Amino acid sequence: MIEAELLTCQDVMRLTSIRSRTTVWRRVRKGDFPSPIDIGNGRIRWRTSDITDWIEARPERRY
């Protein structure tokens, strides 16, 4: 059995450098960020693979 690692909002913020929960949820609502999953008992988590894919899809910034 393979277990996918699930991330809290704090974990997601740390990995993406997004500084506020409000920004995370605003981007989710706009469809610009992966949606979380409800794992029950009021707990919301993001799949690590969804966040990793989102990060890798960001364009490189060239200076």
Side-chain angles (χ1 to χ4, degrees):
M1 177 162 129
I2 298 173
E3 274 188 49
E5 185 176 343
L6 301 176
L7 304 170
T8 65
C9 192
Q10 291 292 346
D11 296 332
V12 168
M13 289 168 50
R14 189 170 28 278
L15 286 171
T16 61
S17 298
I18 295 174
R19 296 182 184 195
S20 77
R21 294 171 59 93
T22 302
T23 300
V24 170
W25 287 106
R26 186 179 303 125
R27 288 184 176 192
V28 168
R29 278 193 303 275
K30 285 177 57 180
D32 296 336
F33 197 74
S35 294
I37 57 172
D38 184 347
I39 61 171
N41 294 326
R43 294 179 295 172
I44 302 294
R45 300 290 186 267
W46 280 262
R47 289 181 186 94
T48 302
S49 59
D50 290 345
I51 300 304
T52 302
D53 292 346
W54 181 85
I55 291 169
E56 290 177 6
R58 299 296 92 205
E60 284 187 28
R61 183 172 238 174
R62 302 202 187 267
Y63 294 97

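Remember, it's a predicted structure, so these values are computed and weren't measured experimentally. The residues of the chain are indexed from 1 along the displayed sequence.
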* Asked: What residues, two or more places apart in sequence or in another chain, satisfy side-chain hydrogen bond (donor to acceptor under 3.5 Å, both in side chains) together with Asp53?
  -> none
Distance-only donor-acceptor hits, side chain of residues 33-45, under 3.5 Å, sequence neighbours excluded:
{"from": "Asp38", "atom 1": "OD1", "to": "Gly40", "atom 2": "N", "distance (Å)": "2.8"}
{"from": "Arg43", "atom 1": "NE", "to": "Gly40", "atom 2": "O", "distance (Å)": "3.4"}

* Should Leu15 and Met13 be counted in the same cluster of Ile, Leu, Val, Met, Phe, Trp and Tyr side chains packed under 4.5 Å apart? -> yes
Donor-acceptor pairs under 3.5 angstrom involving side-chain atoms of residues 17-32: please list them, not counting sequence neighbours.
{"from": "Ser20", "atom 1": "OG", "to": "Thr23", "atom 2": "N", "distance (Å)": "3.1"}
{"from": "Ser20", "atom 1": "OG", "to": "Thr23", "atom 2": "OG1", "distance (Å)": "2.8"}

